[in-house]
Protein chains: 2
Amino acid sequence: MVAAMPYSCGLDAASDVIGGKWKPRILWALHHGPRRFGELRKEIPGVTEKMLIQQLRELESRDIVHREVYHQVPPKVEYSLTTLGESLNEALAPLDAWGADHLAALELTRSA
Amino acid sequence: MVAAMPYSCGLDAASDVIGGKWKPRILWALHHGPRRFGELRKEIPGVTEKMLIQQLRELESRDIVHREVYHQVPPKVEYSLTTLGESLNEALAPLDAWGADHLAALELTRSA
DNA sequence: ATCGTCACTTACCTTTCAGTCAGTACCTGA
DNA sequence: TCAGGTACTGACTGAAAGGTAAGTGACGAT
């Protein structure tokens with residue numbers, strides 16, 4: 001095994017943070033404000049509980065999302081973007097716009 | 001198995017295109033002009049020939065990079081960004097800047 | 001005749017990612 | 001007493017991504 005290399009560029013670091021199938025969707029869902037675990041599950045079609053938690057934990061450990069526990073019954077946990085998370089989302093916006101602009105072309109060249 | 005879903009948002013489409021360990025680096029390397037296969041190999045530390053070709057072929061099939069063969073001996077193949085590739089790179093710039101801005105913080109929270 | 005360059009190609013193996021499914025703990029309302 | 005909601009946790013499994021190492025073919029130089 002190789003020792004961890006420092007990130008070679010900003011893009012490298014960023015894709016490490018948003019890597020994985022579900023992280024971009026989570027960021028997207030949180031864009032409009034705090035969400036409970038169950039709400040996220042409903043808003044992100046296809047995600048399983050395991051994956052959702054796993055990705056949320058990773059984002060939390062990177063200080064992208066904040067996890068707030070309300071000690072109630074039934075339990076309530078709210079996830080929201082941190083300042084860092086908000087700035088990441090802003091940096092992601094042009095990429096989303098690019099994807100939206102070229103959606104048709106990209107659909108045509110899927111799964112070669 | 002599920003039939004291919006249409007992309008749920010632009011971000012979804014974009015990450016499908018730049019997904020994979022090496023694609024962002026390839027895009028980055030091509031940012032400054034056309035490159036030969038061997039040049040890319042040298043400029044992208046750690047990439048193997050197999051990976052480099054595989055990712056280049058995928059980018060080519062998505063019309064992000066252009067492949068130009070010069071029928072010489074020894075052979076010469078040049079890769080360059082298409083118009084679509086250039087626009088993708090521009091959309092990627094803010095993300096790279098974000099990563100660069102928060103490099104130090106991100107290094108600290110690696111590999112939880 | 002063999003070597004080296006360049007751009008691949010192939011076979012095989014390991015690691016990582018993602019998915020299923022079952023279970024936990026707590027309290028509420030019927 | 002017992003189903004139901006809420007937020008998890010963990011074992012197991014299969015698929016996909018990534019890596020290693022070796023080989024190919026054209027041709028010019030030595």
Side-chain angles (χ1 to χ4, degrees), chain A residues 1-5 7-8 12 15-26 29-30 34-62 65-80 110-112, chain B residues 1-5 8 12 15-27 29-30 34-62 65-80 110-112:
Chain A
M1 222 219 68
V2 192
M5 262 192 309
Y7 293 127
S8 64
D12 195 13
S15 60
D16 187 29
V17 172
I18 57 162
K21 185 167 173 184
W22 302 105
K23 294 210 190 77
R25 287 179 211 247
I26 293 173
L30 290 177
R35 289 285 184 279
R36 303 183 54 168
F37 181 80
E39 290 174 332
L40 286 174
R41 207 182 34 187
K42 277 169 217 142
E43 286 178 26
I44 304 176
V47 74
T48 62
E49 300 196 334
K50 179 195 155 192
M51 279 298 120
L52 186 51
I53 293 228
Q54 200 175 88
Q55 308 291 301
L56 281 169
R57 294 261 190 266
E58 285 175 30
L59 290 171
E60 195 194 349
S61 78
R62 297 303 215 126
V65 309
H66 172 73
R67 179 165 176 270
E68 184 81 35
V69 181
Y70 297 85
H71 293 285
Q72 308 173 347
V73 167
K76 171 176 170 178
V77 181
E78 233 178 37
Y79 295 91
S80 54
R110 280 231 272 188
S111 70
Chain B
M1 222 221 70
V2 192
M5 260 192 311
S8 65
D12 196 12
S15 61
D16 187 30
V17 173
I18 57 161
K21 186 168 173 183
W22 303 106
K23 294 211 190 77
R25 288 179 211 246
I26 293 172
L27 263 347
L30 290 176
R35 288 286 184 278
R36 301 183 55 169
F37 181 80
E39 291 175 332
L40 286 174
R41 207 182 34 188
K42 277 168 218 144
E43 286 177 28
I44 303 175
V47 75
T48 62
E49 301 195 332
K50 177 194 154 191
M51 277 298 121
L52 186 51
I53 292 231
Q54 200 176 90
Q55 308 290 299
L56 280 169
R57 294 258 191 269
E58 286 175 29
L59 290 171
E60 195 194 348
S61 79
R62 297 303 216 127
V65 309
H66 172 73
R67 180 167 175 268
E68 183 82 34
V69 182
Y70 297 84
H71 292 287
Q72 308 172 348
V73 168
K76 172 177 171 179
V77 182
E78 235 178 36
Y79 295 90
S80 54
R110 280 232 271 187
S111 71

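Because only heavy atoms are used, hydrogens play no part in the values below, and waters and symmetry mates are left out as well, while side chains stay in. Proteins come first, then strands; the chains are lettered A, B, ... in the order of their sequence lines, and each starts at number 1. The structure displayed is predicted, hence computed values, not measured ones.
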> Students often get this wrong, so: under 4.0 angstrom with heavy atoms, is A:Tyr70 touching a base, only sugar-phosphate, or nothing?
nothing
> Would you say a side-chain N or O of B:Arg67 is under 4.0 Å from OP1 or OP2 of C:dC8?
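Result: yes.
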> Specify the closest pair of heavy atoms between B:Leu30 and B:Leu40, including all atoms of both residues, with the distance to one decimal.
CD2-CD2, 4.0 Å
> Specify the closest pair of heavy atoms between B:Val65 and B:Leu56, including all atoms of both residues, with the distance to one decimal.
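The pair with the smallest heavy-atom distance is CG2-O, 3.9 Å.
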> Rounded to whole Å, how long is the line connecting atom CD of B:Glu68 with atom C1' of C:dA7?
15 Å
> When the nearest nucleotide of DNA chain D is assigned to A:Lys50 and to A:Lys76 on a heavy-atom basis, which residue is associated with the more 5' position?
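Its nucleotide being nearer the 5' end, the pick is A:Lys76.
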> Could you tell me which non-hydrogen atom of B:Tyr79 sits nearest to which non-hydrogen atom of B:Arg57, and how far apart they are?
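Heavy atoms of B:Tyr79 and B:Arg57 come nearest at OH-NH1, 4.2 Å.
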> Can you tell which of D:dC27, C:dC8, D:dG5 lies closest to the side chain of A:Pro74?
D:dG5
> Might you point out which heavy atoms bring B:Gln55 and B:Gly19 nearest each other, and give the distance in Å?
OE1-O, 4.2 Å
> What is the distance, to the nearest angstrom, from the CG atom on A:Leu56 to the C1' atom on D:dT9?
15 Å
> Where the side chain of A:Met51 is concerned, which of C:dG19, D:dG18, D:dG5 is the nearest nucleotide?
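Between C:dG19, D:dG18, D:dG5, the one nearest the side chain of A:Met51 would be C:dG19.
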> Could you please name the option among D:dT9, C:dT20, C:dT9 that lies closest to any side-chain atom of A:Arg57?
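In terms of side-chain proximity for A:Arg57, the closest of D:dT9, C:dT20, C:dT9 is D:dT9.
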> Can you tell me the distance, in whole Å, between the CD atom of A:Gln55 and the P atom of D:dC8?
15 Å
> Determine: side-chain N/O of B:Arg41 to OP1/OP2 of C:dC6, distance under 4.0 Å, yes or no.
no
> Of all the nucleotides listed (C:dT20, C:dC8, D:dC8), which has the minimum atom distance to the side chain of A:Ile53?
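Among C:dT20, C:dC8, D:dC8, the one nearest the side chain of A:Ile53 is D:dC8.
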> Report the distance from atom NE2 of B:His71 to atom P of D:dG25, rounded to the nearest whole Å.
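It works out to 18 Å between those atoms.
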> Just how far is it from atom CD of A:Glu68 to atom CD of A:Glu78, taken to the nearest 0.5 Å?
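It comes to 7.5 Å.
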> Between atom CD in A:Gln72 and atom P in D:dG5, what is the gap in whole Å?
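To the nearest whole Å, that distance equals 18 Å.
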> Looking at C:dG19, I'd like to know if its phosphate oxygens (OP1 or OP2) sit under 4.0 Å from a side-chain N or O belonging to A:Lys21.
yes
> Rounded to the nearest angstrom, tell me the gap between atom CG in A:Leu52 and atom P in C:dC17.
17 Å
> So, is B:Arg36 close to the C:dC6 phosphate, meaning a side-chain N or O under 4.0 Å from OP1 or OP2?
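Answer no for this pair, as no side-chain N or O of B:Arg36 is under 4.0 Å from OP1 or OP2.
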> Please figure out whether A:Pro75 or A:Gly20 has its closest DNA chain C nucleotide nearer the 5' end.
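Its nearest nucleotide lies further toward 5', so the answer is A:Gly20.
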> Please determine whether a side-chain nitrogen or oxygen atom of A:Tyr79 lies at a distance below 4.0 Å from atom OP1 or OP2 of D:dC8.
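Answer yes for this pair, as a side-chain N or O of A:Tyr79 is under 4.0 Å from OP1 or OP2.
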> Take the protein atom CZ of B:Phe37 and the nucleotide atom P of C:dT5, then report the distance between them rounded to whole Å.
15 Å
> Calculate the interatomic distance between B:Glu49 atom CD and D:dA22 atom P; express it in whole Å.
13 Å
